[in-house]
Amino acid sequence: MKKSIAKVFAVALVAATSFQTVAAQQQVANNRRERILQVLDQSRPNAYVPAAFFLHFENKLGRKAVDDHRAFYKATNMDFVKVFYEITVPKVEINSGKDWEKVPVYGEDYFAPQVAVIADLAREFGGEAFVLPTVYSPLSLAHQTLGRGKDFKKLIEEDPKAFGKAIKNLALSIENYLRSARKAGADGFYVSSQGGDGNSLPEKIWKEQVREWDKYVSQVANEIGEINILHICDYGTPYKNAEALYAFADYPASIINVPLKFSDGSTLNLKEAQQRFGRPIFGGLERLGVIANGSIEEAKAEVDKVLENAAPNFILGADCTVPGTTDWEKLRAVIDYAHTWRQTHKK
């Protein structure tokens, strides 16, 4: 009788353990953090295609901004929480090239309103998805510093070294933001690089005064973050060709988000880009294409083309921020479609 009871207990224990194992596996399968980490493993193809799209919200900071981020994340079923950067550095009176030396380093306190949004979202969603705040480039902050209505190129060409000091101070300011955000719960960052296209400033100044500090932002993010996306931004200033992108291959990052079209008329080969960077590519869809203006069926047809030509370890998204008017239901439909695409399109 005792042996029979012991046997029943043993069977029950095995069954319970098996159930717990299955439950644990199911929990991992449903955890967006694990899904992204699986994509980073380039040794095997992924059956699941993570996906995410970003747009700016009407509410920039505070509780309403947190509410907007939460609603968008839940409505779209995207695979990480991207926190939009909405802090603008103050304008500095720059009337000559030398005036760039006036640009200070901004401390952590300056970024506190933005970090508060990150902290709230990290507390709520950090256990299930990577929380990745946007990081603007030093060059972008230099444009904010100058403001509109002044000749940016002329003022940096008047005193490139003074401009370089401003870029350094802005990069150190960004470092303060990064470290503060990480302490508040950010897992890593969506880092924007800007300036290497050769159109937004002279190539010589990019190489001698800007690139070091542009790259420095990625280095800090890589040092302190668990996972980072490098966004090679071409907003308003397209790169000549794909080769121009590979100049960023020495920037540390977990994932690369790249432009898709170039000024010479060529387009990006996603598989080649993933091979050249040696990291997963995030993107594939044009921000102003069917994802913004087409129907759900047109968007799905475009996803088919992208995923047929993408590497096995790939994250679907856009080449930059989609318009704020983009239909959330369409984004949800496209994201859900991508998630199961490799199961429904087996050859």
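All values reported here derive from a predicted model rather than from experimental measurement.
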Main-chain N/O of [Y] paired to [X] side chain as donor or acceptor, under 3.5 Å:
X      : Y      : value
Asp68  : Phe57  : no
Arg70  : Leu121 : no
Asn228 : Phe189 : yes
Asp234 : Thr237 : no
Glu302 : Ala299 : no
Asn169 : Leu172 : no

So does [X] pair up with [Y], basic N to acidic O under 4.0 Å?
X      : Y      : answer
Lys183 : Glu108 : yes
Asp120 : Arg63  : yes
Glu93  : Lys150 : yes
Asp319 : Arg287 : yes
Lys98  : Glu101 : yes
Glu208 : Lys204 : yes

Determine the minimum heavy-atom distance between [X] and [Y], stating which atoms define it.
X      : Y      : answer
Phe80  : Phe282 : CZ-CZ, 4.1 Å
Pro50  : Arg35  : CG-O, 4.3 Å
Ala253 : Arg279 : O-CD, 2.8 Å
Asp304 : Tyr337 : OD1-OH, 2.6 Å
Ala171 : Pro138 : CB-CG, 4.0 Å
Ile255 : Ile315 : CD1-CD1, 3.6 Å

How are the rings of Phe248 and Trp206 set relative to one another: parallel (under 30°), tilted (30 to 60°) or perpendicular (over 60°)?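 Rings of Phe248 and Trp206: tilted, 30 to 60°.
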Evaluate Phe54 against Phe72 for ring pair (Phe, Tyr, Trp, His ring centres under 6.0 Å), listing each step before the verdict. CA-CA 9 Å; Phe54 316 135; Phe72 184 70; 8.2 Å; no
If you measure only the distance, is there a donor-acceptor pair under 3.5 Å linking the side chains of [X] and [Y]?
X      : Y      : result
Asp214 : Ser193 : yes
Tyr246 : Arg276 : no
Glu308 : His345 : no

Residue list, salt bridge (Lys or Arg N to Asp or Glu O under 4.0 Å) with [X], at least two apart or on another chain:
X      : result
Lys74  : none
Lys64  : none
Asp336 : Arg332

Given the rule that I, L, V, M, F, W and Y join up when any side-chain heavy atoms are under 4.5 Å apart, are Val306 and Leu288 in one cluster?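 No, no single cluster joins them.
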Should Leu55 and Val81 be counted in the same cluster of Ile, Leu, Val, Met, Phe, Trp and Tyr side chains packed under 4.5 Å apart?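 Yes, same cluster.
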Centre-to-centre under 6.0 Å for [X] and [Y], is that the case here?
X      : Y      : answer
Tyr239 : Phe262 : no
Tyr177 : Tyr85  : yes
Phe111 : Tyr106 : no

For a 4.5 angstrom cut-off between non-hydrogen side-chain atoms, does [X] reach [Y]?
X      : Y      : value
Asp159 : Ser96  : no
Arg342 : Val49  : yes
Leu146 : Trp100 : yes
Tyr190 : Asn257 : yes
Val66  : Val117 : yes
Arg33  : Glu226 : yes
Ile229 : Leu132 : yes

Ile232 CD1 to Gln194 CD distance, which is reported to the nearest 0.5 Å: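 Here the rounded value is 12.0 Å.
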Under 6.0 Å from the [atom1] atom of [X], do we count more than 12 heavy atoms belonging to anything else shown?
X      : atom1 : answer
Lys102 : NZ    : yes
Gln343 : CD    : yes
Lys165 : NZ    : no
Lys60  : NZ    : yes

Against Tyr73, only a single residue in Glu128, Lys82, Glu124 fulfils side-chain hydrogen bond (donor to acceptor under 3.5 Å, both in side chains); can you say which?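 Passing option: Glu128.
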